[in-house]
S.K.: 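Let me give you the structure first, and then I'll get to my questions.
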2 protein chains.
Amino acid sequence: MDSAEETTGGYRPWSEVTPDAARRLLVAAVEAFAERGYHATTTRDIAGRAGMSPAALYIHYKTKEELLHRISRIGHDKALEILETAAGGPGSAAERLDAAVRSFVLWHAAHHTTARVVQYELDALAPEHRGEIVELRQRSDAAVRRILAEGVAAGEFHVPDVPGTTLAVLSLCIDVARWFNAAGRRTPDEVGALYADLVLRMVGAAPDGSGTPRK
Amino acid sequence: MDSAEETTGGYRPWSEVTPDAARRLLVAAVEAFAERGYHATTTRDIAGRAGMSPAALYIHYKTKEELLHRISRIGHDKALEILETAAGGPGSAAERLDAAVRSFVLWHAAHHTTARVVQYELDALAPEHRGEIVELRQRSDAAVRRILAEGVAAGEFHVPDVPGTTLAVLSLCIDVARWFNAAGRRTPDEVGALYADLVLRMVGAAPDGSGTPRK
DNA sequence: AAGGTCGCTAAGCGCTTGCTCACCCTCCGG
DNA sequence: CCGGAGGGTGAGCAAGCGCTTAGCGACCTT
């Protein structure tokens, strides 16, 4: 419930959104969209959570959809940055895949409120905004596919269907935003470690060195 | 687009819904909810798709939410039946896990319109209806967890975290409903086969006999 | 002190929503 | 030929929606 806690914990997100009133509205919108969904959220609710009158929203954003677009854009930028950093990093393909899944899942769990909006409210965007976002998602797909292809070429992975497995890996990570519950048993780090191990198994990499004894 | 095609292809679903007008309304609601989401769908749109006036909806259903509940209930019953049939079937744990994932994914892909409503519109249900559905989902979780636990006990699987892996397997399968596109490259059967293989790898079962040569 | 700007509000407009109600067909037993 | 019943419609209600507009007070510059 106290998701203001989440959104300020750690690396202090939304710092790129100014002025202060615009950021407060955006954070309020993230919470409301994540709880009820975009269409079930009213502009009055968003403004109320930010401690403002309904009209105040329209000083900083032209429409309710612009709010969603801003949230979606910032979130996708962050998600893509995480994947591309891991994909372009040092180490073997297995190490990079581990890092990519671990950090991608960590972000989806730790910021599941934001991630839920980013990953599941895409259809509510206007067509031209949706196109822009879809492009970012294709680059995320390319980053993961690159790691898999390189791992196969290096003989580290055994993957018969690289595009299909890429899709499955991303799908698995993204869905964390749907089920993860901050009040649940697992910490974001634990889920990241579990998922990194599962994905390494999926690609046929030896699970040694990642904390999973073979017996 | 022509998802009437989908909903009548194969085993002819919704046959349990009578009379005919009630079924037409329900099928129309599935299509509309899947396309736009529950909250963005109007009762006028549903009635229009079924070729009726807006008022006709309320002859067969008390509210719009009752429509969603009926859809969700029937869909969850079907999904649970698929998993429990596979879990209670004959064969080794690996064979049963293969069957469970394959058939569960097949259903989510072939009936992705229905599955999308069933899996992603849960929050729109009234509290008492949601509780009923959550119970069914827990039984789905138990069915998969049972296969995993038996496979570990029999030495077939190597799974350090059975509850966590159960969650991941179900999450992976469910998310098919989000991304699957009938106009895409893969058939539901192909996705089922791919996912069954990936899941067997996740649990550390030898992928022999499922079409994935080790080299 | 005057005047301009900026962030914000109270009030409300035009429209759509879920849902209702009075009425009307068509069918069917007597 | 009648009368009741059940599936259907046209019109519309109260409420709530996204968004606009006129105006207000605090603050800055001159």
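Lettering follows sequence order; numbering is per chain, from 1.
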S.K.: Of all the nucleotides listed (C:dT9, C:dC19, D:dT9), which has the minimum atom distance to the side chain of A:Ala56?
M.R.: C:dT9

S.K.: Provide, to the nearest angstrom, the distance between the CD atom belonging to A:Glu66 and the C1' atom belonging to D:dG18.
M.R.: 14 Å

S.K.: Is any side-chain nitrogen or oxygen of B:Thr43 closer than 4.0 Å to OP1 or OP2 of C:dG18?
M.R.: yes

S.K.: Can you name the closest pair of heavy atoms from B:Leu67 and B:Leu26 and give their distance?
M.R.: CD2-CA, 3.9 Å

S.K.: Which listed nucleotide (D:dG7, C:dG18, D:dG10) is nearest to the side chain of B:Ile59?
M.R.: D:dG7

S.K.: Whole angstroms only, please: what is the NE2-C1' distance between B:His39 and C:dG18?
M.R.: 13 Å

S.K.: Would a distance-only check, ignoring hydrogens and angles, find a side-chain to backbone donor-acceptor pair under 3.5 Å from A:His108 to A:Phe104?
M.R.: yes

S.K.: To the nearest Å, how far apart are B:Leu57 CG and C:dC21 C1'?
M.R.: 16 Å

S.K.: Starting at OH of B:Tyr61 and ending at P of D:dG7, how long is that distance when rounded to a whole Å?
M.R.: 13 Å

S.K.: What's the NZ-P distance between B:Lys62 and C:dT20, to the nearest Å?
M.R.: 11 Å

S.K.: Report the nucleotide, chosen from D:dC19, C:dA10, C:dC19, that has the shortest atom-to-atom distance to any side-chain atom of A:Pro54.
M.R.: D:dC19

S.K.: Over all strands shown, is A:Thr42 touching base, sugar-phosphate only, or nothing at heavy-atom distances under 4.0 angstrom?
M.R.: sugar-phosphate

S.K.: Assess whether a salt bridge exists between B:Arg49 and B:Glu35, defined as any Lys/Arg side-chain N lying under 4.0 Å from an Asp/Glu carboxylate O.
M.R.: yes

S.K.: By nearest atom, which of the nucleotides D:dT20, D:dT9, C:dG18 is closest to the B:Arg44 side chain?
M.R.: C:dG18

S.K.: Take the protein atom OH of B:Tyr38 and the nucleotide atom C1' of C:dT17, then report the distance between them rounded to whole Å.
M.R.: 12 Å

S.K.: Tell me: CG of A:Asp45 to C1' of D:dC17, nearest whole Å?
M.R.: 13 Å

S.K.: Consider the side chain of A:Tyr58, meaning its heavy atoms from C-beta on, and name the nucleotide among C:dG18, C:dC8, D:dT20 that approaches it most closely.
M.R.: D:dT20

S.K.: Whole-Å distance between C:dT17 P and B:Lys64 NZ?
M.R.: 9 Å

S.K.: Quick check for you: among D:dT20, C:dC19, D:dT9, whose closest atom lies nearest to any side-chain atom of A:Ala55?
M.R.: D:dT20

S.K.: Taking A:Tyr38 for its side chain and A:Glu65 for its backbone only, find out whether a donor-acceptor pair lies under 3.5 Å.
M.R.: yes

S.K.: Working to the nearest 0.5 angstrom, can you tell me the gap between A:Asp77 CG and A:Ser72 OG?
M.R.: 9.5 Å

